[in-house]
Amino acid sequence: MTANLSIQSDWDQVLRKAEGEAWISCKIAGKPSIYGSLKCQGISADGNPELTSSDEFVVHEITKKCITVSCPGQNISGKFLSPYTSFSRVHLKNVTCLDISSGGALGVSTSTDQSMKIWQTSNGEIRRVLEGHVHDVYCCKFFPSGKVVLSGGIDARVKIWSVDDGSCPVTLKGHKGGIFDLAIVDRGRNIVTCSRDGTARLWDCGQAASIAIVNTSCVPINAIALGAVDNTVNLGSPNEAPSDREIGTEGKLLILAREDKMLEGVSLHSRDSVFIFEGSDALNCCTFISSVDILAGAQDGNIFHLDVRNPKKPVDIICRTGSPVLSLVPFKDAYIASHGDGSCFIAQSFDQVLQLTGPDCEPVYQVAAWEKFVYTCCRDGIIRKYQLPDL
């Protein structure tokens with residue numbers, strides 16, 4: 001694990017109070033952690049706190065929502081961003097999944113209160129309650145149009161919803177276990193789902209029918225990612241002519257993050273297994289960050305960076321915390337990762353550049369980004385919205 005700075009989750013509120021004090025720490029692999037504090041000595045003319053720090057730490061910059069601190073003795077610095085706003089009334093319990101529409105105006109989220117809701121990203125006002133799944137809904141995603149939502153739940157059903165009126169015109173049946181993740185092929189004529197039953201299925205939305213089971217393993221699949229890959233990657237050819245209901249699967253690689261530590265790449269068009277990589281623990285999430293680069297996050301905190309042209313050996317293994325990696329999403333030139341200990345990092349060029357604060361050691365289950373805004377959902381029941389500075 002690399003060295004990592006952490007700060008009190010509500011630092012932005014505490015350090016605006018007279019004599020307010022917040023803790024900060026530096027954790028170094030194989031060494032004792034260094035603990036210190038920041039203290040408010042007053043508010044400057046520009047409205048920002050005037051801070052003093054314990055000897056081990058130096059405050060370099062502070063604004064209303066952002067603070068940069070270093071630990072010179074360990075040659076490490078960290079930049080922390082607090083939420084722009086938070087929505088605590090969308091759900092009553094843990095918020096387990098969320099997505100943002102292509103235009104950025106709407107969010108959709110699921111919760112252990114067994115609800116799925118569409119809400120306005122500007123103020124958290126609920127627009128639609130989507131009712132129809134039995135028990136918990138595990139995953140949700142907007143179609144590229146922003147007018148349709150896709151969801152999957154513990155009931156082994158995949159549902160397609162209208163954003164306009166909240167109706168569910170299509171239910172897809174075929175899986176024998178809970179639906180863990182979803183992927184949309186191009187504009188959405190076809191979709192891919194993965195399940196606790198160990199299968200990944202390709203579906204025809206128009207006919208509400210399963211076209212094919214894409215993989216051959218029977219190990220639970222925790223997450224999937226779908227991307228168009230570099231043409232130097234051999235994706236094979238179908239043994240039989242594909243169905244005319246199969247649209248846009250050519251040149252696509254499906255990544256399966258499996259419970260047995262394996263990361264598998266499968267050609268969506270030919271159904272051939274392209275590669276299998278063994279991680280260090282159960283794999284919880286995965287994403288494409290380019291046409292050749294993929295990431296997979298493990299239960300032990302490792303993030304594996306692989307090149308699909310040579311996936312046998314990782315390009316890099318990143319571990320900022322020993323806590324489970326719960327979500328990975330592409331962002332600009334790199335990615336955002338959230339963890340089970342509440343930490344959430346925005347990386348660029350594979351260096352940590354920003355840590356999102358707010359959750360107090362509560363798991364951040366999912367992250368979604370739209371332009372300069374990042375949204376997170378957490379076990380504490382809060383959806384947080386961050387406005388990013390120029391990185």
Side-chain angles (χ1 to χ4, degrees), residues 12 61 63-68 78-88 90 95 97-110 117-128 139-150 163-164 181-184 186-188 225-228 285-291 293-295 297 303 326-339 343-359 364-378 382-391:
D12 58 318
E61 182 183 11
T63 63
K64 187 177 181 181
K65 297 291 184 183
C66 196
I67 187 170
T68 303
K79 191 172 185 178
F80 303 91
L81 183 69
S82 63
Y84 171 75
T85 190
S86 298
F87 307 132
S88 59
V90 176
V95 188
C97 186
L98 89 167
D99 192 29
I100 303 299
S101 65
S102 54
L106 296 176
V108 62
S109 54
T110 64
K117 298 178 181 179
I118 296 171
W119 39 273
Q120 293 181 180
T121 57
S122 58
N123 57 14
E125 181 179 336
I126 296 169
R127 292 279 299 273
R128 295 282 181 270
C139 45
C140 58
K141 189 181 292 288
F142 279 100
F143 275 70
S145 66
K147 296 179 179 180
V148 180
V149 165
L150 181 65
V163 171
D164 290 338
D181 204 1
L182 314 154
I184 296 169
D186 292 346
R187 298 178 64 183
L226 182 65
C285 49
C286 55
T287 191
F288 279 86
I289 54 173
S290 76
S291 63
D293 294 289
I294 58 174
L295 301 176
I303 298 173
L326 301 182
S327 175
L328 287 166
V329 297
F331 181 74
K332 296 189 176 181
D333 296 331
Y335 65 95
I336 307 174
S338 71
H339 292 262
S343 59
C344 188
F345 301 96
I346 298 180
Q348 198 171 36
S349 302
F350 292 91
D351 292 322
Q352 178 189 334
V353 295
L354 195 59
Q355 184 171 338
L356 305 182
T357 62
V364 177
Y365 293 118
Q366 184 72 46
V367 179
W370 183 80
E371 294 189 351
K372 284 193 173 184
F373 292 101
V374 171
Y375 300 79
T376 65
C377 64
C378 184
I382 298 175
I383 296 168
R384 294 178 172 85
K385 178 181 180 179
Y386 300 83
Q387 184 172 5
L388 303 185
D390 292 329
L391 300 178

Shortest non-hydrogen contact between [X] and [Y], atoms and distance:
| X | Y | result |
| --- | --- | --- |
| V90 | G124 | CG2-O, 3.7 Å |
| N123 | F87 | C-CE2, 3.4 Å |
| V163 | V148 | CG2-N, 3.7 Å |
| C66 | L81 | CB-CD1, 4.1 Å |
| T376 | C344 | CG2-SG, 4.3 Å |
| L106 | F142 | O-CE1, 3.7 Å |

Margin query: Heavy-atom count check: over 12 atoms from other residues, nucleotides or ligands less than 6.0 Å from K147 NZ?
Written below: no
Checklist line | E61: side chain to side chain contact (heavy atoms under 4.5 Å, CB included) partners, not counting sequence neighbours | finding: T63, T68
Next item on the list: Mind checking side chain to side chain contact (heavy atoms under 4.5 Å, CB included) for F373 and listing every partner two or more places apart, or none if nothing turns up?
Entry: Y84, W370, Y375, K385, Q387
Notebook entry, point to check: By ring-ring contact (aromatic ring centres under 6.0 Å, His included), which residues pair with Y386, not counting sequence neighbours?
Noted result: none
Notebook entry, point to check: Hey, does K65 have a side-chain heavy atom less than 4.5 Å from the side chain of P83?
Noted result: no
Margin query: With heavy-atom distances below 4.5 Å as the criterion, would you say the side chains of I289 and I294 are in contact?
Written below: no
What's the separation between atom [atom1] in [X] and atom [atom2] in [Y], rounded to the nearest 0.5 Å?
| X | Y | atom1 | atom2 | value |
| --- | --- | --- | --- | --- |
| C377 | L98 | SG | CG | 4.5 Å |
| D12 | K64 | CG | NZ | 10.0 Å |
| K141 | D181 | NZ | CG | 6.0 Å |

Next item on the list: Please test V95 against T110 for side chain to side chain contact (heavy atoms under 4.5 Å, CB included), starting from the C-alpha separation and ending with a verdict.
Entry: CA-CA 6 Å; V95 188; T110 64; over 6 Å; no
Margin query: Among V329, V367, I336, exactly one meets side-chain contact (heavy atoms from CB on, under 4.5 Å) together with I346. Which residue is that?
Written below: I336
Check: So, does S109 use its side chain to make a donor-acceptor pair with the main chain of C97 at under 3.5 Å?
Finding: no
